[in-house]
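Heads up: the structure comes next, in structure tokens.
Every chain is numbered from 1, with letters handed out A, B, ... down the list of sequences.
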Amino acid sequence: MLDLRLVIDNLEEVRKGLARRNPEAVAPLEAIAELAAARREAIVAAESHAARRNAANQEMSKLPKQSPEFAQRRDELKSLSSELKELEHKRDEIEARIQQVLLGVPNLPDPSTPDGSTSEDNPVVHTWGEVPKFSFEPKAHWDIGVNLGILDFERASKLSGPRFSVLFGAGARMERALISFMLDLHTREHGYREVLPPFLVKDTALRGTGQLPKFEQDLFKTSKADPDKTYDLYLIPTAEVPVTNLHADEVLEAEQLPIAYAAYTPCFRSEAGSYGKDVRGLIRQHQFDKVELVRFCAPEDSAAQLELLTSHAEKVLQKLGLHYRVVQLCAGDIGFSAAKTYDLEVWLPGLSAYREISSCSSFGDFQARRAAIRFRPGKGQKPRLAHTLNGSGLAVGRTLVAILEQYQQADGSVTVPEALRTYMGTDVIRPGN
RNA sequence: GGAGGAGUGGCCGAGUGGUCGAAGGCAGCGGUUUUGAAAACCGCCGUAUCGCAAGGUACCGGGGGUUCGAAUCCCUCCUCCUCCGCCA
């Protein structure tokens, strides 16, 4: 969420920044200046009224309760009091409306986020490794995996419908191996603290990171098991949600920062709008595994923290020997809450294309304001909003896809990347494994 | 699922419907004293919001209500604890 004061004091600049995302992002802003003025008026009206009532009540408390003066004052105050209630309701209504507007406004792109409107406009930052060469026509992972008997889409749809998958044998083992490998790398070599959060969260958590209120259609919502519960739970679309909200409504100590968490979770996405894209294979599933990296830091530090975080995600691909490139998302392509984003795109020989395998973003104080994540810069100093960052480190299913495709052999087997062999207990996957 | 109990400032903990943003203690910060430290003593010590400021307003788990006035009374929800039952 953007700061109301920032918005009204710098309306033109905010408008320009949001317009870099797309022209429509500016629309909700139109009402805000007027609402802000109304808000101030309503606050002043209510509070001066309250001040009068409080003073009158103060005097009243000194009068003897049985005296005629007491009764007279009480009758006078009755109307003052009900007027106050009305003024307060009016004020609350305006504040709620402002909140509603503000919650729907995306983050301002960072100045270093390049102009552009679609993924076509994302500049390539750098490329790692070489496009693997094959002496045969490389297959897509769904053929490789099904032929090996480690991947089954038909049985998955019998169980759960489209966009689910079942892993068998070496496939299931590799998924588990990748999770362990990634967590071990980040906790042992990159200094992250492992965390295993809940996979179901309240709407407040989703509001904190920015998925709600705008993107409810992308989420799986559970229905009430207990009709008396006043809130519903949602399946997490990413570990970003529970892990970032770990520190919601907290004031962190400056010495604690930066805080770095690595979390494995399954992720659940309904992606109502995305049917027709990536219909085959493991790329776009309703359920997938991901190891997520989340960082909290002081505002001055967040630019450097994003570079660091991205390098940690890259390290996974490098250790696995997977060819990839890094692109920076342009203003039109960054997510709702993000200020700046690098995507890691791994090479998929079966598709002859680079596909996103990690997205590393800094959010400035956008999420911190929504979730009330603050830190105390020093002894006796006022709390300030922290900055939050996160990135996939990595999407596990897509990593499995990249390994199957980049390490496939002419005979249909798949070589296990060096780094994974101790986790897998084998150096090759053949049919029947 | 059943039966009870409890939520107050960073922590502990008092609080009769008005003088309570809230006693007291601990922790923390500043000072006096000291060669230095400890101890003792003195002072400071929540957050948000409106305002140039003085100052105002709001917050005692959340929301609603009663009242001229609510930390205090009522309703409701949430969370935690204890006991019983069930369960991986």
I'd like the C1' distance from C60(B) over to C42(B), given in whole Å. 30 Å
Do Tyr234(A) and Gln211(A) have side-chain N/O donor and acceptor atoms under 3.5 Å apart? no
Considering residues, nucleotides and ligands other than Gln256(A), do more than 12 of their heavy atoms fall under 6.0 Å from its CD? yes
Euclidean distance for C1', U8(B) against G24(B) (whole angstrom): 14 Å
Report the nucleotide, chosen from G18(B), U47(B), C50(B), that has the shortest atom-to-atom distance to any side-chain atom of Lys382(A). U47(B)
One character per nucleotide, please: for nucleotides 52-61 of chain B, 5' to 3', B when the base has a protein heavy atom closer than 4.0 Å, S when only the sugar-phosphate does, - otherwise. ----BBS---
Rounded P spacing from G65(B) to G51(B) in Å: 28 Å
Mind calculating the distance between CZ (Arg74(A)) and P (G17(B)) to the nearest angstrom? 18 Å
P spacing across the pair A70(B) / A14(B), given as an integer number of angstrom: 25 Å
Calculate the interatomic distance between Glu95(A) atom CD and G63(B) atom P; express it in whole Å. 13 Å
Short side-chain N/O contact to C50(B) OP1/OP2 from Arg39(A), under 4.0 Å: yes
Mind checking who G43(B) pairs with, Watson-Crick or G-U wobble, both distances under 3.5 Å? C29(B)
Starting at the 5' end of RNA chain B and moving along, which residue's nearest nucleotide shows up first, Arg374(A) or His89(A)? Arg374(A)
Looking at the side chain of Lys85(A), which of C68(B), U66(B), G51(B) is the nearest nucleotide? U66(B)
In whole Å, what is the span from the CZ atom of Phe70(A) to the C1' atom of U67(B)? 10 Å
Take atom CD1 of Ile94(A) and atom C1' of C50(B), then tell me their distance rounded to the nearest Å. 14 Å
Classify the nucleic acid contact of Glu76(A) as base, sugar-phosphate or nothing, counting any heavy atom under 4.0 Å across all strands shown. nothing
Does one side chain, of Gln99(A) or Glu95(A), offer a donor that lies under 3.5 Å from an acceptor on the other? no
What is the distance, rounded to the nearest whole Å, between atom CG of Asp249(A) and atom P of C78(B)? 18 Å
Can you check the distance between U66(B) and G28(B), where both ends of the measurement are the P atom (answer in whole Å)? 47 Å
Does a side-chain N or O of Ser81(A) approach OP1 or OP2 of U67(B) to a distance below 4.0 Å, or not? no
Using both distances under 3.5 Å as the test, list the Watson-Crick or G-U wobble partner of A38(B), or none. none
Using a 3.5 Å cut-off and no angle test, enumerate the donor-acceptor pairs between side-chain atoms of residues 18-34 of chain A and protein atoms at least two apart in sequence or in another chain.
unit_1, atom_1, unit_2, atom_2, d
Arg20(A), NH1, Thr113(A), O, 2.7
Arg20(A), NH1, Asp115(A), OD1, 2.7
Arg20(A), NH2, Asp110(A), O, 3.0
Arg20(A), NH2, Thr113(A), O, 3.0
Arg21(A), NE, Asn107(A), O, 2.7
Arg21(A), NH1, Ile334(A), O, 3.3
Arg21(A), NH1, Gly335(A), O, 3.1
Arg21(A), NH2, Asn107(A), O, 3.1
Arg21(A), NH2, Gly335(A), O, 2.9
Arg21(A), NH2, Phe336(A), O, 3.3
Arg21(A), NH2, Ala338(A), O, 2.8
Asn22(A), OD1, Glu24(A), N, 2.7
Asn22(A), OD1, Ala25(A), N, 3.0
Glu30(A), OE1, Arg15(A), NH2, 3.3

With both distances kept under 3.5 Å, what pairs with U82(B), Watson-Crick or G-U wobble? A3(B)
Is the centre of the Phe366(A) ring less than 6.0 Å from the centre of the His387(A) ring? no
Rounded to the nearest angstrom, tell me the gap between atom CG in Asp9(A) and atom C1' in G51(B). 14 Å
In whole Å, what separates the C1' atom of U82(B) from that of C11(B)? 24 Å
Can you confirm if the aromatic rings of His247(A) and Phe375(A) lie within a centre distance of less than 6.0 Å? no
Which value, in whole Å, describes the distance between the C1' atoms of nucleotides U16(B) and G64(B)? 26 Å
P atoms of U34(B) and A27(B), separation to the nearest Å: 24 Å
Ion pair Glu189(A)/Lys319(A), N-O distance below 4.0 Å: yes
With a 6.0 Å cut-off (strictly less than), is the heavy-atom count around CZ of Arg421(A), excluding the residue itself, greater than 12? yes
Which label fits Tyr192(A) and His190(A): parallel for a plane angle under 30°, tilted from 30 to 60°, or perpendicular past 60°? perpendicular
Comparing Val44(A) and Gln58(A) on RNA chain B - which has the more 5′ nearest nucleotide: Gln58(A)
Please give, in whole Å, the distance from A48(B) P to Met1(A) CE? 14 Å
Nearest whole Å is fine: how far is C11(B) P from Glu250(A) CD? 11 Å
Short side-chain N/O contact to G10(B) OP1/OP2 from Arg376(A), under 4.0 Å: no
